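No experiment lies behind these values; they were computed from the predicted model shown. Naming convention: chains lettered A, B, ... in sequence-line order (proteins, then strands); numbering from 1 in each chain.
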Number of protein chains: 2
Amino acid sequence: MINRLRVLRAERAWSQQDLAERLDVSRQSVNAIETGRYDPSLPLAFRIADLFGLTIEEIFTNPNRKD
Amino acid sequence: MINRLRVLRAERAWSQQDLAERLDVSRQSVNAIETGRYDPSLPLAFRIADLFGLTIEEIFTNPNRKD
DNA sequence: CCCATATGGAAAGCTTGGTTGACATTCCGC
DNA sequence: GCGGAATGTCAACCAAGCTTTCCATATGGG
């Protein structure tokens with residue numbers, strides 16, 4: 001599972017802390033997701049998509065998919 | 001988080017067991033997701049969407065969203 | 001040189017997702 | 001009425017998401 005979180009955050013010039021507060025999670029969670037240490041839960045993925053006004057598919061991509 | 005899994009499964013006349021095998025999870029997991037006892041992980045949500053040829057947003061809806 | 005801000009990451013602990021195995025119920029065909 | 005298939009649920013367990021606390025490094029301004 002790879003994601004464009006870091007790019008989207010950079011486009012808005014938000015710190016990991018800023019993003020964490022908007023998503024109502026800890027800064028470490030944002031960091032862990034950005035650095036690929038783990039995947040967000042589905043509810044959190046929806047919050048992320050909502051925040052950026054994108055679909056989950058536009059932010060996260062499943063490497064196992066045969067696109 | 002509510003989902004249309006049961007409907008999609010019924011449209012194809014698959015048992016929970018059939019669906020579980022296609023998703024490579026246990027039947028109890030399919031049942032728990034259908035009955036809303038918990039939400040799938042993001043990777044599993046992607047597998048479900050791929051299997052039905054839909055987007056995650058077309059299958060799962062976040063009740064907290066202001067649509 | 002200090003200090004504040006931003007980032008990466010580890011440890012321990014709680015919560016949630018997922019498994020296996022078991023049991024009960026409903027429904028349908030024989 | 002009986003047997004088998006489908007579903008709901010529970011208990012016990014392991015794995016993954018997430019939190020808090022802590023430490024390290026980098027960088028930019030004064």
Side-chain angles (χ1 to χ4, degrees):
Chain A
M1 207 91 226
I2 61 179
N3 69 76
R4 307 203 311 117
L5 213 50
R6 166 157 280 147
V7 183
L8 296 168
R9 186 170 62 81
E11 285 174 356
R12 286 155 184 80
W14 290 342
S15 67
Q16 292 183 342
Q17 182 65 49
D18 292 334
L19 178 55
E21 285 167 11
R22 287 172 208 260
L23 294 173
D24 199 36
V25 292
S26 68
R27 181 185 70 82
Q28 283 78 355
S29 289
V30 169
N31 182 41
I33 293 167
E34 281 194 2
T35 57
R37 282 207 301 284
Y38 58 70
D39 299 323
S41 65
L42 187 56
L44 179 50
F46 265 95
R47 274 184 273 150
I48 294 171
D50 282 352
L51 179 60
F52 292 111
L54 299 169
T55 64
I56 291 182
E57 285 82 359
E58 285 168 335
I59 303 177
F60 299 91
T61 54
N62 188 344
N64 293 359
R65 280 173 119 183
K66 324 122 183 107
D67 293 330
Chain B
M1 203 93 224
I2 62 180
N3 70 74
R4 306 202 313 118
L5 213 50
R6 167 157 281 149
V7 183
L8 296 168
R9 185 170 64 79
E11 283 173 358
R12 286 155 185 79
W14 291 343
S15 67
Q16 293 183 342
Q17 182 65 47
D18 292 334
L19 178 55
E21 284 167 11
R22 287 172 209 258
L23 294 172
D24 198 37
V25 293
S26 68
R27 180 185 69 81
Q28 285 82 346
S29 289
V30 168
N31 183 42
I33 293 167
E34 282 194 0
T35 56
R37 281 208 300 283
Y38 57 70
D39 298 322
S41 66
L42 187 56
L44 178 51
F46 265 95
R47 272 185 274 149
I48 294 171
D50 282 353
L51 179 59
F52 291 110
L54 298 170
T55 64
I56 291 182
E57 285 82 359
E58 286 168 334
I59 303 177
F60 299 92
T61 53
N62 188 344
N64 293 0
R65 280 172 118 183
K66 324 121 185 114
D67 293 332

#### Entry: Distance in Å, B:D39 CG paired with B:I33 CD1, rounded so as to fall on 0.5 Å steps
8.0 Å
### Task
Take the protein atom CG of B:N31 and the nucleotide atom P of C:dG21, then report the distance between them rounded to whole Å.
18 Å
### Query
According to a strict under-4.0 Å criterion, is A:Q16 in side-chain N/O contact with OP1 or OP2 of C:dG8?
yes
### Which residue lies more 5' along DNA chain D, comparing B:P43 with B:W14 via nearest heavy atoms
B:W14
### Task
Let me know the distance between CZ of B:R37 and P of C:dT16, rounded to the nearest Å.
15 Å
### Query
How long is the gap from CD1 on A:I56 to CD1 on A:I48, to the nearest 0.5 Å?
8.5 Å
### Query
Can you find a donor-acceptor N/O pair under 3.5 angstrom joining the side chain of A:Q28 to the base of C:dG8?
no
### d(CG, B:D18; C1', D:dA6) in whole Å
10 Å
### Task
Measure the distance from CZ on B:R27 to C1' on C:dT19 and round it to the nearest whole Å.
12 Å
### Query
To the nearest Å, how far apart are B:R9 CZ and D:dT7 P?
4 Å
### Task
Using atom CD of B:E21 as one end and atom P of D:dA5 as the other, report the distance to the nearest whole Å.
13 Å
### Task
Calculate, to the nearest 0.5 Å, the distance between atoms CD and CZ belonging to B:E11 and B:R4 respectively.
6.5 Å
### Task
Check every strand shown and say whether B:S29 touches a base, only sugar-phosphate, or nothing at a heavy-atom separation below 4.0 Å.
base
### Message
Output the rounded distance in Å from OH (A:Y38) to P (C:dT15).
### Response
16 Å
### Message
If we check side chain to side chain donor-acceptor pair (under 3.5 Å) with A:Q16, which of these qualifies: A:E21, A:E34, A:Q28?
### Response
A:E34
### Task
Could you tell me the separation between the CG atom of B:L19 and the P atom of D:dA5, rounded to a whole number of Å?
19 Å
### Query
Checking all strands, does B:S15 fall into the base, sugar-phosphate, or nothing category for heavy-atom contacts under 4.0 angstrom?
sugar-phosphate
### Task
Starting at CG of A:N3, measure out to OG1 of A:T61 and round the result to the nearest 0.5 Å.
8.0 Å
### Task
Remember a base hit wins even if backbone is also touched, and classify B:S41 as base, sugar-phosphate or nothing at under 4.0 Å, heavy atoms.
sugar-phosphate
### Query
When you measure from the side chain of B:S26, which nucleotide among C:dT20, D:dT20, D:dG8 comes out closest?
C:dT20
### Summary
Out of C:dG8, D:dG8, D:dC18, minimum distance to the side chain of B:T35 belongs to D:dG8
